Amino acid sequence: MADATVLWEACAAAIQSKVSDVVWQMTFSAAQPVTADDQTLTVSVPSIVTLDRIEGRYHDLVHDTVSEVSDDQLTLNIVIRKDEFDDPDDLIIDLPLVDRSVVDAEALAPAHQPNLDPRALPVETTTSSPLASAGTTVPITGSGDSSFAGRLTFEDFVIGSSNRFAHAAAQAVAETPGRSYNPLFIYAEAGLGKTHLLQAVGNYVLAHYPTKQVRYVSSETFMNRFVEAIRNKQLPEFKDRHRRNDVLLVDDIQFMEGKEGLQEEFFHTFNAIQQGGGQIVLTSDRPPDDISTLEDRLRSRFKMGLVTHIQPPDVETRLAILRKKSEQGRSGVEIPDDVLFFIAENITENIRELEGALTRITAYCSLNQEVCTIDLATTVLADLITSNAPLIITPDLILNHTSEIYGFSREDLTGASRRRPLVTARQVSMYVFRELTDLSYPAIGREFGDRDHTTVIHAVEKITRLMAERREIYDQVSTLTSNVRSGN
């Protein structure tokens, strides 16, 4: 069941971003994952009408989505769900999609539960289970928007002196949306946890206020949807989608810099939500006053609530983060405290790099069945801790080294081909992009031929898992990372 859920949730997030609200609700929202193996994903739908609609009108959409998300050859098996009113015999129809061999994808969006009170569902947003009323964390997603990750909660956020105030402010907003700090503006450099807090607010609100409509969106996605709405003459629908929310969470607001039309639209969206008593939470890599070409009326609104800063974590906080991540690991490798302290002392740039170092050590120990020691950690992380003046790492640098190591051209890496060796090279490269750069998932996707951000998330999570299972993957990641950092 877990594999089926992982795969279908990834597909659902991508499908929902490509169809209208009406199509999503009537055709796809009630689909639920059942089982998955190496060749078949089984999904259930509530009626023959829904099955016929997916099989006929949206077959190509589902085909392309599964192919893009999984990078594997699958056959989709659609089953009519049995319930107390259904015929006892299930109807099963096979839809050949892509002939690939391995199925695995990261959980990017929730399994969709059609039995919830529709008043509890945000616009284009679905909850994964009816547990929201019980206060359980509920992952949610919005059409075209980055998915909420169920693991990004306040409970999983490690609090230290560098982020304590931002955490307290975010929690206060989540507990009383629209009444505490409005807007709440959180700024920090990449990899310090601002997106974690943003999504924790969303998960908390949906879990404790199931009737509120919550939307999370990156400013890049907001811009892309705005351009599409203008091109397709669907501005009224765009405005309704973003203004009819009780809580609006916008990530990386600095990307609106220099875009006058986009700022104009967001100004009206901001006013509509705030005047309606809704809550707005924004994140950025800099404070409002440092966002050049930002309209004064927007800057003043961003500053009218609370502006808070997350600073780089001190060594104690970094150690606490490593301990929590180590405890959450599933590899069975025990990382001693002295090794965790060694990592915390030597990896200081950001949390993303900190977690990458822990992943590498854990994978090495798992592959080699070795006990983790400081000497081993020193060897494994040599390329991370020896440089006092690190090279500026650019997308071109990573793509060039990937091309040299794997023997594929850059056009191959960023193209549409899904040949197995090429897919592996592309996914390893995406993983290294995420570990060594500040680029967001959508930004990484653009470097690889405008791929969907869900494809990048899947690649990063897949390579993270395979590093602990397959020596060749671990060696490939280590070699590429080392070569990029050394500039050789």
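Note that the structure is predicted; figures quoted are calculated from it, not measured. Numbers here are sequence positions counted from 1.
With contacts defined as side-chain heavy-atom distances shorter than 4.5 Å, the pair His268/Lys239 does not qualify. In this structure, Val250 and Leu248 have side chains that are in contact, with non-hydrogen atoms separated by less than 4.5 Å.
Expressed to the nearest 0.5 Å, how far CE of Met223 lies from CZ of Phe255 amounts to 9.0 Å. Lys324 contributes atom NZ, which lies 10.0 Å from atom CD1 of Ile321 (distance to the nearest 0.5 angstrom). Atoms CE and NE2, from Met430 and His458 in turn, are 9.5 Å apart once rounded to the nearest 0.5 Å.
Shown here are the side-chain contact (heavy atoms from CB on, under 4.5 Å) partners of Ala272, two or more places apart in sequence or in another chain: Arg243. When the side-chain hydrogen bond (donor to acceptor under 3.5 Å, both in side chains) test is applied to Asp285, no partner is found at least two apart in sequence or on another chain.
In summary, the aromatic rings of Phe433 and Phe448 are positioned with their centroids under 6.0 Å apart.
Side chain to side chain, Thr221 and Ser218 meet the donor-acceptor criterion of an N or O pair below 3.5 Å. Judged purely by distance below 3.5 Å, without hydrogens or angles, the side chains of Glu447 and Thr414 never pair a donor atom with an acceptor atom. In summary, the side chains of Asp246 and Gln213 do not present any donor paired with an acceptor at a separation below 3.5 Å, with no hydrogens or angles considered. For the 3.5 Å distance criterion, the side chains of Thr283 and Asp251 qualify, holding a donor opposite an acceptor. For the residue pair Thr317 and Asp314, a side-chain donor N or O sits within less than 3.5 Å of a side-chain acceptor on the partner.
Between Arg244 and Asp240 there is a salt bridge, with a side-chain nitrogen of the basic residue lying less than 4.0 Å from a carboxylate oxygen of the acidic one.
With a 6.0 Å cutoff to the six-membered ring centre and a 45° limit on the axis angle, Arg297 counts as a cation-pi contact of Phe267.
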Might you work through the side chain to side chain contact (heavy atoms under 4.5 Å, CB included) test for Phe185 and Thr308, ending with a clear yes or no? CA-CA 6 Å; Phe185 190 104; Thr308 181; over 6 Å; no
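Residue-environment remark: CD (Glu264) exceeds the threshold of 12 foreign heavy atoms within 6.0 Å.
Of the options Ile361, Asn346, Leu358, a side-chain contact (heavy atoms from CB on, under 4.5 Å) to Leu381 is made by Ile361 and by none of the others.
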